Amino acid sequence: MIKTAAHFVQASSSRSRIQEKLRREWKRLTLTVVVYIVLVVVSAWIGSRGEYNLAGDSINGFALWFLLLPGYLAVGALGAICWCFGIVLPWCGNEAWLLGICDIVQILLIYVLVSLLAFARKKVSSLEMFRHFVRILVFWGLFQLACCAVRGVWSYGGISGLHRGEQTEAVTPDQR
């Protein structure tokens, strides 16, 4: 009888430890997802400041690439729905905001799905894995925005002395 009671006490304490680990990791994941969403909003704002030209030499191109690559799946699904039903969306000029909305909706859907599965299966590892993936996206987004800032300073910051080669004409051997 005493052995059975000890077994139940031990089992309930291990369940509570797993629940505590799940809650702690879920809070960390929630914070990481919130940081990602803020980064997407900032990138959409920066991306909407110029023209939508990924092939050209634009300052907001880095922010647009950050928005585009995670949003390919959502934009593809939205494009397929529009194509099937003959819908034309008036997003011309607001592509950065469309990409930002697609990124946010996509991350929230995956966040809810992963959270529900993790709590149902009591797997802390799936929350950790998804948090690490979102952290990779956050750091990549910060890098893209830093590249955007460096490109802006390079173009408009008044440090033309560092790239004087673009302004001088090339001297050919015949002109010497």
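None of the values given here were measured: they were computed from a predicted structure. The chain is numbered in sequence order, starting from 1.
Checked for salt-bridge contact, Glu128 and Arg131 miss the test: no charged N lies under 4.0 Å from a carboxylate O.
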What donor-acceptor contacts under 3.5 angstrom involve side-chain atoms of residues 143-151, with partners at least two apart or in another chain?
unit_1	atom_1	unit_2	atom_2	d
Arg151	NE	Asp57	OD1	3.2
Arg151	NH1	Ser155	OG	2.2
Arg151	NH2	Asp57	OD1	2.6
Arg151	NH2	Asp57	OD2	2.4

Atom pairs and distances, donor-acceptor, side-chain atoms in residues 69-88, under 3.5 Å, two or more places apart:
none

Residues 30-40, side-chain donor-acceptor partners within the protein, below 3.5 Å, at least two apart:
unit_1	atom_1	unit_2	atom_2	d
Thr30	OG1	Trp26	O	2.7
Thr30	OG1	Tyr111	OH	2.5
Thr32	OG1	Arg28	O	2.9

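In this structure, Val138 is not a member of the same hydrophobic cluster as Phe62, with clusters built from ILVMFWY side-chain heavy atoms closer than 4.5 Å. Leu116 and Val134 fall within a single hydrophobic cluster, where Ile, Leu, Val, Met, Phe, Trp and Tyr side chains are chained together by heavy-atom contacts under 4.5 Å.
Through direct or indirect side-chain contacts shorter than 4.5 Å among Ile, Leu, Val, Met, Phe, Trp and Tyr, Leu113 is connected to Leu117.
Partners of Trp140 under the ring-ring contact (aromatic ring centres under 6.0 Å, His included) rule, at least two apart in sequence or in another chain, are Phe66. Looking at residues two or more places apart in sequence or on another chain, you find a side-chain contact (heavy atoms from CB on, under 4.5 Å) between Phe139 and Arg135, Leu142.
Two residues are said to be in side-chain contact when any heavy atoms from C-beta on lie closer than 4.5 Å; Leu29 and Ser115 meet this criterion. Residues Leu108 and Val112 form no side-chain contact, since every pair of their non-hydrogen atoms from C-beta on lies 4.5 Å or further apart. Using a 4.5 Å heavy-atom threshold, the side chains of Trp45 and Val41 count as separate.
One distance of note links CG of Leu99 with CG of Leu68; it measures 5.5 Å at 0.5 Å rounding. Between atom CG of residue Leu137 and atom CD1 of residue Ile107 there is a gap of 6.5 Å, rounded to the nearest 0.5 Å. Atom NZ of residue Lys27 and atom CG of residue Leu22 lie 12.5 Å apart, to the nearest 0.5 angstrom.
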Please report the C-alpha distance between Glu25 and Val124 in whole Å, then the side-chain angles of each, then the deciding distance to 0.1 Å, and finally whether the side-chain contact (heavy atoms from CB on, under 4.5 Å) criterion is met. CA-CA 7 Å; Glu25 190 58 38; Val124 178; 4.1 Å; yes

Should Glu20 and Arg17 be marked as a salt bridge (Lys or Arg N to Asp or Glu O under 4.0 Å) after you check the CA-CA gap, both sets of side-chain angles, and the distance that decides it? CA-CA 5 Å; Glu20 182 60 33; Arg17 276 187 271 133; over 6 Å; no

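Contact detail for Ala96 and Ser48: the closest heavy-atom pair is CB-N, 3.6 Å. Gly47 and Ala63 get closest at one heavy-atom pair: N-CB, 4.1 Å.
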